[in-house]
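All ligand and atom numbering here is 1-based and tracks the order in the structure.
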Amino acid sequence: MITEKAPGKLYIAGEYAVVENGYPAILVALDQFVTCTITESAREVGQIISKQYTNDQLSWRRMGDRMVVDKRDNPFSYILSAIHVTEEYARSFERHLRIYDMHIDSQLDSASGRKYGLGSSAAVTVATVKALCHFYHLPVNKDQIFKLAAIAHFAVQGNGSLGDVAASVYGGWISYHSFDRQWLAQQRQYLDLKTLVDLPWPDLKIEPLVAPEDLELLIGWTGKPASTSQLVDKISLFKARQQDEYHRFLEDSKACIQRMVEGFHQQDLEVIKHEIRYNRDLLKRLGTRSGVNIETPVLNRLCQIAEKFGGAAKTSGAGGGDCGIVAIDRHANFHGVLKSWAKEKIEQLPLSVHFIDDIKYSVQQRLPL
Ligand code: PMV
Ligand code: MG
């Protein structure tokens with residue numbers, strides 16, 4: 001039996017801009033996990049079983065006369081894609097593919113089946129890739145796991161930056177520059193998977209960051225789930241219609257993230273807080289101008305309360321619900337924030353940053369007994 005886990009994440013800054021090749025964002029991995037357990041099966045059928053994902057519901061929409069099923073919000077799509085990609089990789093190491101049962105356990109989806117917006121699709125993809133690499137004794141490091149999981153995730157979602165996958169693989173605080181996904185899609189047709197994974201990917205840059213000692217991260221959950229892929233679709237329309245304004249947003253966001261990264265290098269909480277506020281303004285403006293409800297009224301309250309107590313707050317990720325984040329001095333009155341949040345039915349998620357060591361299992365292929 002093999003078990004591997006992958007953490008959830010939150011965006012700290014740089015959302016939406018990071019969807020464009022080479023643009024940066026800052027993310028953090030959190031100690032809430034998706035676990036994937038694989039047991040070899042003696043039978044002819046394998047099973048994929050999940051406690052939280054009950055596949056008894058399918059969402060669809062009308063596109064002209066067609067009924068289109070959106071598989072991007074279905075966790076099983078990510079699990080199957082991760083299996084497909086990792087087994088293709090295993091074949092390039094001449095592994096014999098086996099039959100197994102796979103159990104998925106997610107702490108990133110609440111008991112009632114609602115998601116917190118902590119990157120459950122990225123984490124389930126990463127956990128599945130890691131468990132299968134372990135199961136097939138593949139010699140992989142974090143870079144290779146990231147690339148396999150990114151290929152699997154991109155094949156399903158298609159419009160994401162893959163920053164959430166990076167946070168789930170590398171752990172801790174990171175700055176992430178998204179790679180050229182058009183290049184990846186093209187190369188995927190011509191190159192075998194192993195060659196593709198071993199190549200440097202254009203524009204991809206992942207740097208671990210060290211947070212200042214006095215930085216306390218607070219997370220507020222609105223209780224309302226949001227669909228990232230649908231929000232990103234809407235911003236794509238704005239990109240097409242308001243090209244100049246969209247490009248101004250991209251450049252402003254990039255400069256903001258560069259200054260924030262410098263704040264991390266200098267261990268300067270004030271710089272980081274300043275840039276979080278500036279990034280919030282950029283995202284608010286993007287939302288207003290595009291008609292996309294990024295900072296909802298509840299998220300707005302969440303930020304207002306945190307600001308009253310001296311924190312720097314913003315929406316996290318695509319917004320529209322899910323979570324907001326606050327950077328606040330460890331010595332400030334952050335309990336005041338939590339009390340006021342509770343009055344407004346904003347739930348604090350008491351999570352900590354999760355760091356990840358490099359892969360530890362032995363990569364020697366087990367010999368058949
Ligand atoms: O809402 P989340 O946590 O899934 O974050 C989405 C962040 C975006 O930049 C809007 C999209 C992306 O793929 O990076
Ligand atoms: Mg979200």
Side-chain angles (χ1 to χ4, degrees), residues 6-30 32 34 72-73 75 78 108-110 114-126 146 149-150 152-168 174-181 184 203-206 217 219-239 246 249-250 252-254 256-257 279-280 282-284 286-287 290 292-296 298-299 302 314-325 349 351:
K9 64 86 196 52
L10 276 178
Y11 273 89
I12 299 300
E15 298 91 338
Y16 288 105
V18 69
V19 172
E20 300 291 340
N21 299 341
Y23 282 82
I26 294 176
L27 299 100
V28 70
L30 299 165
Q32 195 90 334
V34 172
R72 299 175 302 184
D73 287 331
Y78 295 92
L108 300 178
D109 300 83
S110 79
R114 291 194 293 176
K115 71 176 191 80
Y116 295 117
L118 296 175
S120 56
S121 58
V124 79
T125 310
V126 174
F146 168 74
H153 194 282
F154 182 61
V156 180
Q157 196 192 337
N159 66 358
S161 66
L162 286 320
D164 44 4
V165 173
S168 189
I174 58 164
S175 83
Y176 171 80
H177 290 66
S178 56
F179 58 89
D180 185 342
R181 279 136 294 159
L184 177 73
D203 294 333
L204 174 64
K205 210 166 103 189
I206 300 165
L217 176 69
I219 304 160
W221 184 46
T222 61
K224 184 180 168 285
S227 166
T228 300
S229 46
Q230 289 171 21
L231 288 156
V232 173
D233 285 348
K234 286 190 191 163
I235 295 291
S236 301
L237 289 179
F238 174 72
K239 171 184 173 178
Y246 181 73
F249 162 73
L250 292 184
D252 289 346
S253 175
K254 186 187 212 165
C256 168
I257 301 307
N279 199 238
R280 176 187 177 199
L282 291 178
L283 289 166
K284 266 168 77 170
L286 178 71
S290 63
V292 178
N293 200 6
I294 297 177
E295 188 171 306
T296 60
V298 184
L299 283 166
L302 182 154
K314 64 183 276 299
T315 55
S316 172
D322 288 341
C323 297
I325 54 108
L349 301 183
L351 306 175

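On a distance-only criterion, Gln157 and ligand 1 share no N/O pair closer than 3.5 Å. Of the N or O atoms in Asn159, none lie within a sub-3.5 Å distance of an N or O in ligand 1. When only interatomic distances are considered, the shortest N/O to N/O separation between Asp164 and ligand 1 does not fall below 3.5 Å.
Protein heavy atom nearest atom 3 (O) of ligand 1, with residue, atom name and distance: Lys9 NZ, 2.9 Å. Here the heavy atom of the protein found nearest to atom 7 (C) of ligand 1 is Tyr11 CE1, 3.5 Å. Given atom 5 (O) of ligand 1, the protein heavy atom at minimum distance is Gly317 CA, 3.2 Å.
If you look at Val19 next to ligand 1, the close heavy atoms, those under 4.0 Å, all belong to the side chain.
A side-chain donor-acceptor contact under 3.5 Å links Asn21 and Asp180. A donor atom on one side chain and an acceptor atom on the other are found under 3.5 Å apart for Tyr11 and Ser161.
Taking a cutoff of 4.0 Å between a charged side-chain nitrogen and a carboxylate oxygen, Lys239 and Glu20 qualify as a salt bridge.
Aromatic pair His153/Tyr78: ring centres closer than 6.0 Å.
Remark: ligand 1 atoms within the under-4.0 Å shell around heavy atoms of Thr228 are 1 (O), 2 (P), 4 (O), 6 (C).
Listed here is the closest heavy atom pair of Gly117 and Leu10: O-CD2, 3.9 Å.
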